[in-house]
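See below for the structure under consideration.
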Amino acid sequence: MSEQSNKNGISPEELKNKTNVIEVETLSGIREDIFRSEIYPQRRPVVLKGLDIGPCTRKWTVDYLSKVGGSSEVKLHVCKTTQMDFISKNFLYRSLPFDVFVKRAAEEIHQEYFLDENEKYYLRALGGDPRKDVADIKQQFPQLATDINFPNLFEEHQFFSSVLRIASKSTQLWTHYDIMDNMLIQVSGEKRVVLFNPTDADYLYLNGDKSEVLDIDNPDIDRYGEFNKAVRYECILQPGDVLFIPALWFHNVISLDFGIAVNVFWKHLDDVMYDKKDPYGNKDPLPAQRATQILDRALKTLDELPEEYRNFFARRLISRIEKKTFLKPPD
Ligand code: AKG
């Protein structure tokens with residue numbers, strides 16, 4: 001990395017040349033009731049500063065976490081490179097006792113390792129039985145949970161999960177969306193978050209809930225020619241900041257330092273809309289799943305027609321869907 005580059009290896013020149021970049025709005029000292037009544041309904045990301053998140057920002061040092069967090073086994077992503085890719089799976093899942101893991105994730109060169117001495121670690125804490133239970137810091141790390149206060153941004157019955165996330169310096173998590181509303185509480189280290197509006201989904205080359213474009217700062221334009229049409233919303237989170245990520249907003253995260261965060265997912269829709277068998281909060285709402293199945297059947301049915309007719313009637317269906325469902329762009 002040159003002296004001129006920032007922590008993520010992007011030169012000031014490259015940053016200047018970026019078009020389509022909007023800074024995420026930052027609000028300081030906003031009251032929780034004002035967030036709920038005025039900000040939340042706008043369904044846009046916002047960085048909230050000055051909320052009471054408890055003493056965790058002061059207390060959660062590496063030593064403290066490894067003493068108080070216990071030594072239960074945690075399942076980690078271990079990767080040779082900084083850019084983790086869920087689609088090609090360029091990482092391994094490995095387990096370590098929590099206290100051992102925290103020390104490893106905080107160091108840059110390892111004496112003991114799985115792949116090589118520079119390997120990177122990412123923890124996304126899971127529920128007791130990861131196939132059934134949601135992550136809840138109060139259950140999995142009860143002592144640590146007493147150090148963190150979740151700002152009152154939603155009603156108690158909407159709570160879904162709270163996820164402890166710990167990342168080696170420079171690790172980058174792929175662009176994805178979640179179907180729950182989310183407050184990402186940054187406890188330690190700086191973090192760059194790039195977000196994309198759900199309405200830009202067509203430019204993100206999606207594979208399920210993830211974008212195929214890994215290197216969002218230097219996208220392969222021969223392969224992903226439309227990617228730069230997506231508008232980037234960017235922010236750098238500092239310890240103590242809370243980022244509100246509305247459901248469906250895509251996000252890509254780089255831990256600029258060794259980073260500790262807790263994110264809280266909560267339900268925006270009625271309970272009945274959510275898949276009960278979804279401990280991660282990333283399965284599409286049930287009506288969207290049903291609509292996708294019906295579309296699969298419609299596509300099979302169109303296959304009965306010769307190409308010229310299939311093309312014509314497919315376009316008529318698309319135009320009907322657009323007319324019936326697309327939001328009108330604001331004036
Ligand atoms: C989320 O909260 O959904 C994230 O992807 C955050 C990832 C991170 O901060 O490590």
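Residue numbers count from 1 along this sequence. Remember, it's 1-based here, ligands and their atoms both numbered in the order they're listed.
When heavy-atom distances to ligand 1 are checked against a 4.0 Å cut-off, Asn182 comes that close only through its side chain, counted from C-beta outward. Residue Phe265 touches ligand 1 through its side chain alone, judged by heavy-atom distances below 4.0 Å. At a heavy-atom distance under 4.0 Å, no atom of Val193 approaches ligand 1. Counting heavy atoms closer than 4.0 Å to ligand 1, residue Gln186 contributes nothing at all.
By the 4.0 Å N-to-carboxylate-O rule, Asp181 lies close enough to Arg43 to be salt-bridged with it.
Surrounding CD of Glu23 are at most 12 heavy atoms belonging to other residues, nucleotides or ligands under 6.0 Å away.
Taking the centre of each ring, Phe244 and Tyr40 come in below the 6.0 Å mark. Here the two rings, on Tyr93 and His77, have centers that are under 6.0 Å apart. Proximity of the aromatic rings of Tyr203 and Tyr205 is defined here by a centroid distance below 6.0 angstrom, and this criterion is not met.
Short contacts between ligand 1 and Tyr122, defined as distances under 4.0 Å to a heavy atom of the residue, involve ligand atoms 7 (C), 8 (C), 10 (O). Close approach to Asn263 involves these atoms of ligand 1, each under 4.0 Å from a residue heavy atom: 2 (O). Near Leu173, with a cut-off below 4.0 Å to any heavy atom, the atoms of ligand 1 are 5 (O), 7 (C).
Of the residues listed (Leu164, Ile53, Leu144), the one engaging Val262 in a side chain to side chain contact (heavy atoms under 4.5 Å, CB included) is Leu164, and it is the only one.
When Met180, His176, Arg124 are checked for heavy-atom proximity to atom 5 (O) of ligand 1, His176 turns out nearest.
Inspection of the Asn90 and Asp85 side chains reveals no N or O donor paired with an N or O acceptor under 3.5 Å.
Annotation: atom 9 (O) of ligand 1 to nearest protein heavy atom, Lys191 NZ, 2.7 Å.
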